[in-house]
> 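Let me begin by handing over the structure; questions about it come next.
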Protein chains: 2
Amino acid sequence: MATIRDVARAAGVSTSTVSLTFGEPSRVSDETAQRVWEAASTLGYRPNPLAQSLKRGHSRLIGVTVGDITNPFFGRLFKHVERNAHEAGYHVIVTDTDAQADREEQVLAQLDAQRIAGIILTAHGSGPHYTSHLERLKAPVVTVDHRVPGTKLDYVASDTRLAASIITEHLVRLGHRRIAHIAGTPHLFTAGERIAGFVETMRRNGLDVDHSLIVDGHFDYENAYAQTMRLLTRPDRPTALFAANNMMALGALQAIFELGFDCPRDISLACIDDVPWSSVIRPKITMVEQDIPELARIATDYLVSRMSVSGRDAPPRETILTPRLVMGTSTAPPPA
Amino acid sequence: MATIRDVARAAGVSTSTVSLTFGEPSRVSDETAQRVWEAASTLGYRPNPLAQSLKRGHSRLIGVTVGDITNPFFGRLFKHVERNAHEAGYHVIVTDTDAQADREEQVLAQLDAQRIAGIILTAHGSGPHYTSHLERLKAPVVTVDHRVPGTKLDYVASDTRLAASIITEHLVRLGHRRIAHIAGTPHLFTAGERIAGFVETMRRNGLDVDHSLIVDGHFDYENAYAQTMRLLTRPDRPTALFAANNMMALGALQAIFELGFDCPRDISLACIDDVPWSSVIRPKITMVEQDIPELARIATDYLVSRMSVSGRDAPPRETILTPRLVMGTSTAPPPA
DNA sequence: ATCGGCCATCGAACCGGTTCGAGTATCGTA
DNA sequence: TACGATACTCGAACCGGTTCGATGGCCGAT
């Protein structure tokens, strides 16, 4: 690979002139620039980004961590983030953390040591150890979807408590009184908000909350399936299920099918997040959708502006989008 | 951030000794190493990977391109690749190319200029221009899933012609004679192989191939949906559909539903690739599954060995895995 | 003719590591 | 006592860029 010195020699100028030609063409005379361009192109010269990054102190790479890239929510979020980042001139290192906070911490430390330019984080940890770890990072961090309470990081998400409220209200209006909530990983902010929204809305409607109907599905298919099997084989089984995310709704649906129930005739089901290819899943699940492209757009914008010199010490920003109910065919009044 | 010189000063040694302590501890006396460790840890020193990469001439980054990260096949493939790469000490830059060859070329050129250590490619291009572009890359390249004919790149995939054969054979055995094939993007090797496997198997069973029943679904949901709508509203509609991938099977299924057909009573459907969350999709689609973790494992192994000094000029290798039929409930004998 | 200012260019230092060749101290052996 | 071998350690060059301060040529104004 040709280096800047090769080009300088070929064009009969110094390396600083070559560097200038690429970086600040206005400071170089037209004839000189011309000669440099020619020399560079015949030698096939491309500046070595490694050397540039070393000198500049940071790279044109951003890091993204997701809990599970095969979850369509994260997949679609990432797809948009990646496209935006590209347009802003960044490459994206993505790490699938399997929703494990310790893997996340470890990866973040490595990326930070790489002098990565910025990080978009779907956080999966909590507690003082975790937050202090995040605060120690040199790279700017934007959190998406999950908030990390106790940090001053930029944050973009949907109004998740409202989402839970909308679903709960919908089920209550249909006449359900025994509603189970398949909740997410307990210590996560988002999971807590969804539980809070559920409980609030139940109470507001004058309904008792049976805490044994709030179960931990850990945001994944398998746990939701197992918990639903347990819920639906109880003598006092619920008439409706509210899953805190898409994967858990699918796990719940499998349990409903296997136990021979009809959804929605016997059991209603609704969830937060977009269920993939919902039009071929029957019943079509009623859900509260997030605006994924917009989440991605704002997250990338926040990060890009924070990576600029001026944005470094700006006060933290946050945006909360309003989710919207998408009716399916998976909810109906409870059996008489 | 502390540099190696800070550590050297604090430990009262030279920078070379510090470097040695981290790289080849055996060459440093125990007491000295001890002092260096202490100095490093109190200063919070971590070697700057940028500087290391610059000096070594390559980074600990590999690039992965996928056609569409929201397609569960790519998602799961990537997830495994990423995990393996991590274990081998690499970070992964992933780019979603939207299955566009020109975006792929552009990204590959950028990554190559970054002195990326290696590339895992799910290729979406063809033709001499494309192949010569690939051959010019400095970084070693391993291709997965799609082969690029005319290049000498490592290659890992399933026996895709066999996969097509298995599906076709299965449908023929059930008694179908008018079978439509919803094919992938025409110029791609994999799409061609699947068509070839289909045609071969039809002929071997003494059946005519009606070429108007081989349609281009472009490997995606929307096109497959549209093509299926067209196929199933023909007077001489097929009794079975064979989709060349998972997304197209879902698109076809949606068309089947919308037209009010029953699958499998009226129309049988089968496909190649794993359909995500197939246990909640009714009917459960009969499919030929690829061993994704194994594909990922081999691809990463190939790349890691090629990135080593000794592997650089080794002859190209390839592995073809045998796919397996997973019965669902979406296929049945044709209506009488 | 002299001076100040601007423009284009250059040399050299620097980013933070790695590595090679050389220097010094220690030890065993002749 | 002299010698070479061995074990550590060091200084300096280098990877390939960026950038600061300096230099020289040229212009217009005084």
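Letters A, B, ... are given to chains in the order of the sequence lines, protein chains preceding strands, and every chain is numbered from 1.
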> Is the closest side-chain donor-acceptor distance between B:Thr319 and B:Tyr302 under 3.5 Å?
yes

> For A:Phe22, which contact category applies under a 4.0 Å heavy-atom criterion: base, sugar-phosphate, or nothing?
nothing

> Take B:Glu31 and B:Lys55, find for each the nucleotide of DNA chain D with the closest heavy atom, and name the residue whose nucleotide sits nearer the 5' end.
B:Glu31

> Taking only the side-chain heavy atoms of A:Ser29 (C-beta and beyond), determine which of C:dA8, D:dG16, D:dT19 contains the nearest atom.
C:dA8

> Would you tell me if any nitrogen or oxygen in the side chain of A:Thr17 comes within less than 4.0 Å of OP1 or OP2 on C:dC10?
yes

> Using OP1 and OP2 only, check whether a side-chain N or O of A:Ser53 sits under 4.0 Å from C:dC15.
no

> Whole Å only: how far is the CG atom of A:Leu20 from the P atom of C:dC7?
14 Å

> Check this one for me: any side-chain N or O of B:Thr3 less than 4.0 Å away from OP1 or OP2 of C:dG16?
no

> Report the distance from atom CZ of A:Arg9 to atom P of C:dT9, rounded to the nearest whole Å.
19 Å

> Is there a side-chain polar atom (N or O) of A:Arg27 under 4.0 Å from OP1 or OP2 of C:dA8?
no

> Using the six-membered ring wherever Trp is involved, compare the ring planes of A:His146 and A:His124 and label them parallel, tilted or perpendicular (cut-offs 30° and 60°).
perpendicular

> Could you tell me the separation between the CD atom of B:Glu24 and the P atom of D:dT9, rounded to a whole number of Å?
14 Å

> Between A:Val28 and B:Thr15, just flag the one whose closest nucleotide in DNA chain C comes earlier from the 5' side.
A:Val28

> Send over the distance from B:Leu43 CG to C:dG16 C1', rounded to a whole Å.
15 Å

> Hey, does the side-chain of A:Arg56 have a donor or acceptor N/O within less than 3.5 Å of a partner on the base of D:dG17?
no

> I'd like to know whether A:Thr95 forms a side-chain hydrogen bond (donor to acceptor under 3.5 Å, both in side chains) with A:Thr97, so could you lay out the CA-CA distance, the side-chain angles of the two residues, the decisive distance to 0.1 Å, and finally the verdict.
CA-CA 6 Å; A:Thr95 305; A:Thr97 61; over 6 Å; no

> So what does A:Val13 hit on the nucleic acid, given a heavy-atom distance under 4.0 Å: a base, only sugar-phosphate, or nothing?
sugar-phosphate

> May I ask you to decide whether B:Lys138 forms a salt bridge with B:Asp112, counting only side-chain N to carboxylate O separations under 4.0 Å?
no

> CG of A:Leu50 versus C1' of D:dC15: gap in Å, rounded?
10 Å

> Have a look at B:Ser19 and say if it touches a base, only the backbone sugar-phosphate, or nothing, with a 4.0 Å heavy-atom cut-off.
base

> Answer yes or no: does a side-chain N or O of B:Gln52 lie under 4.0 Å from OP1 or OP2 of C:dT18?
yes

> Rounded to whole Å, how long is the line connecting atom CG of A:Leu54 with atom C1' of D:dT18?
10 Å

> Answer yes if the side chains of A:Ser308 and A:Ser305 hold a donor-acceptor pair under 3.5 Å, and no otherwise.
no

> Could you check whether B:Arg46 gets within reach of a base, just the sugar-phosphate, or nothing at all, counting any heavy atom under 4.0 Å?
sugar-phosphate

> Answer yes or no: is there an ion pair linking B:Asp154 with B:Arg306, defined by an N-O contact shorter than 4.0 Å?
yes

> Starting the side chain at C-beta, find the nucleotide from C:dG16, C:dA12, D:dC10 nearest to A:Ser16.
C:dA12

> Counting just side-chain N and O atoms, does A:Tyr45 come under 4.0 Å of either OP1 or OP2 of D:dG17?
yes

> What is the distance, to the nearest angstrom, from the CG atom on A:Asp6 to the P atom on D:dG17?
9 Å

> Please report, rounded to the nearest Å, how far the P atom of C:dC14 is from the CZ atom of B:Arg5.
10 Å

